[in-house]
Undergrad: 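Sharing a structure, written as structure tokens. Questions coming.
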Amino acid sequence: MSLKVSINGKLFDKADAKISVYDHGLLYGDGVFEGLRSYNGKVFRLEDHIDRLYASARAIHLEIPMARSELAEAVVETLKVNDLTDAYIRLVVTRGAGSLGLDPRRTSDPQVIIITDTISLYPDELYEHGLKIITSGTIRNHPAALNPRIKSLNYLNNILAKIEGTNAGCLEALMLNHQGHVAECTGDNIFIVLKGVIHTPSVDSGILEGITRQAVIDLAREIGLTVIERTMDRHDIYTADECFLTGTAAEVIPVIDCDARPIGDGHPGPITKDLHHRFHALVRGETRS
Ligand code: PMP
């Protein structure tokens, strides 16, 4: 059976799920998106993702032609039709087809797309042994140019950094902000552990407010750990006891090396491992039917 993709509430076979080449999502990256996951047939933090999608849309002056509840239901329905329980879900809202000019007033019909598919994950051994990362020369978007809090369809900034990472043999790359402070990785937020305390760049460091990031902060605080959101420098990463990344696809993954400097003893640390297991249990617990 072919996978079904939902466009504006209608289901299409994957091969027939198409939008116009005049869509400003394609022509200009004019649109917003979300990446979600389902476990045991239930979507993790669906409302938070929907909230972030609508906030991104509002920030770019795009009205999503669907109520939040309708969109949430359409996500669940698309998963069900595709008989997917453990899936990756991509929500995309484009500005819609228009003329060959920037003006969004000359577009009509924003397209609301829901793709549900199997998820591609980092290999297990990376969770066991940890990731190596490098700092990319490409900085994160200046918040006054395109605020990283907006999950826009224009991901070139992150893609350029990702290319630098993969060229250096690393699956993730660290991105600094316009002030030279640590922001985040190309598709994940970053955390360190120093003397038992967790630190992560604050939202004003120019990051996407990751939903996994928030879940891990809450989880750490619940078990009595201190979490500090602050301005961070590469020095903090190089001298940390532990480092890990968070994201919907990655969950919690250890980082053991940054710019060829081993972090801590060069192995995933105990707090990282503990949070990885706790997050794993949390998502499966929250989504237990
Ligand atoms: N930062 C960036 C730039 C991202 O694209 C993502 C999502 N892939 C994240 C952080 C992590 O966010 P979340 O935990 O909501 O997936």
Undergrad: Could I get the full list of side chain to side chain donor-acceptor pair (under 3.5 Å) partners for Thr138, not counting sequence neighbours?
TA: Glu164

Undergrad: Considering only distance and modelled atom types, tabulate donor-acceptor pairs under 3.5 Å from the side chains of residues 166-177, sequence neighbours left out.
TA:
from	atom 1	to	atom 2	distance (Å)
Thr166	OG1	Lys162	O	3.1
Thr166	OG1	Ile163	O	3.2
Asn167	ND2	Ile163	O	3.4
Glu172	OE1	Thr186	N	3.0
Glu172	OE1	Thr186	OG1	2.7
Glu172	OE2	Thr186	OG1	3.3
Glu172	OE2	Gly187	N	3.0
Asn177	OD1	Gln179	N	2.8
Asn177	OD1	Gly180	N	3.1
Asn177	OD1	His181	N	2.9
Asn177	ND2	Ser205	O	3.0

Undergrad: List for me each residue that meets side-chain contact (heavy atoms from CB on, under 4.5 Å) alongside Asp86, sequence neighbours excluded, and say none if there are none.
TA: Tyr39

Undergrad: State whether the side chain of Arg234 and the backbone N or O of Val182 hold a donor-acceptor pair below 3.5 Å, judged by distance alone.
TA: no

Undergrad: Applying ring-ring contact (aromatic ring centres under 6.0 Å, His included) as the test, list every pair that has at least one member in residues 205-262; sequence neighbours left out.
TA: Phe191-Phe244

Undergrad: What residues form a side-chain contact (heavy atoms from CB on, under 4.5 Å) with Asp204, not counting sequence neighbours?
TA: Ser202

Undergrad: I'd like a table of donor-acceptor pairs (distance under 3.5 Å, sequence neighbours excluded) in which one partner is a side-chain atom from residues 260-268, with atom names and distances.
TA:
from	atom 1	to	atom 2	distance (Å)
Arg261	NH1	Asp259	O	3.2
Asp265	OD1	His267	N	3.0

Undergrad: How about Asn40 and Arg284: does a side-chain donor come under 3.5 Å of a side-chain acceptor?
TA: no

Undergrad: What closest approach, in Å, do Thr200 and Ile217 show between heavy atoms, and which atom pair accounts for it?
TA: CG2-CD1, 4.3 Å

Undergrad: Under the side-chain contact (heavy atoms from CB on, under 4.5 Å) rule, collect the residues that match up with Thr85, sequence neighbours excluded.
TA: none

Undergrad: Out of the candidates Asp23, Thr107, Asp30, only one should pair with Arg95 under the side chain to side chain donor-acceptor pair (under 3.5 Å) rule; please name it.
TA: Asp30

Undergrad: Scan Thr226, Ile228, Ile271 and name whichever one has a side-chain contact (heavy atoms from CB on, under 4.5 Å) with Ile198.
TA: Ile271

Undergrad: Only one of Val203, Asp188, Ile190 forms a side-chain contact (heavy atoms from CB on, under 4.5 Å) with Arg213, so which one is it?
TA: Val203

Undergrad: Within a strict 4.5 Å, meaning less than it, do heavy atoms of the Gln214 and Asp218 side chains meet?
TA: yes

Undergrad: Look only at the side chain of Tyr127 and the backbone of Ala250, and say whether a donor-acceptor pair between them is shorter than 3.5 Å.
TA: yes

Undergrad: Between side-chain atoms of residues 57-81 and protein atoms elsewhere (two or more places apart, or another chain), which donor-acceptor pairs fall under 3.5 Å?
TA:
from	atom 1	to	atom 2	distance (Å)
Arg68	NH1	Asp51	OD1	2.7
Glu70	OE1	Ala67	N	3.1
Thr78	OG1	Ala74	O	2.6

Undergrad: Within the 4.5 Å heavy-atom criterion, are Ile256 and Lys132 side-chain neighbours or not?
TA: yes

Undergrad: Fit a plane to each ring of His280 and His276, take the angle between them on a 0 to 90° scale, and name the class: parallel (under 30°), tilted (30 to 60°) or perpendicular (over 60°).
TA: tilted

Undergrad: Tell me whether Lys4 is salt-bridged to Asp13, with the criterion being a basic N under 4.0 Å from an acidic carboxylate O.
TA: yes

Undergrad: Output side-chain donor-acceptor pairs under 3.5 Å for residues 109-123, partner residues at least two apart or in another chain, one line each.
TA:
from	atom 1	to	atom 2	distance (Å)
Gln111	OE1	Asn8	ND2	3.3
Gln111	NE2	Asp109	O	2.9
Thr116	OG1	Asn82	ND2	2.8

Undergrad: One thing to verify: whether Lys151 and Glu34 come together as a salt bridge, which I'm taking to mean a side-chain N less than 4.0 angstrom from a carboxylate O.
TA: no

Undergrad: Please name all residues satisfying side-chain contact (heavy atoms from CB on, under 4.5 Å) with His277, sequence neighbours left out, ordered by chain then number.
TA: none

Undergrad: If a pair satisfies ring-ring contact (aromatic ring centres under 6.0 Å, His included) and one of its residues is in residues 146-173, list it, with sequence neighbours excluded.
TA: Phe33-Tyr155

Undergrad: Test of understanding: with side chain to side chain donor-acceptor pair (under 3.5 Å), list the residues that count as partners of Thr272, not counting sequence neighbours.
TA: Glu242

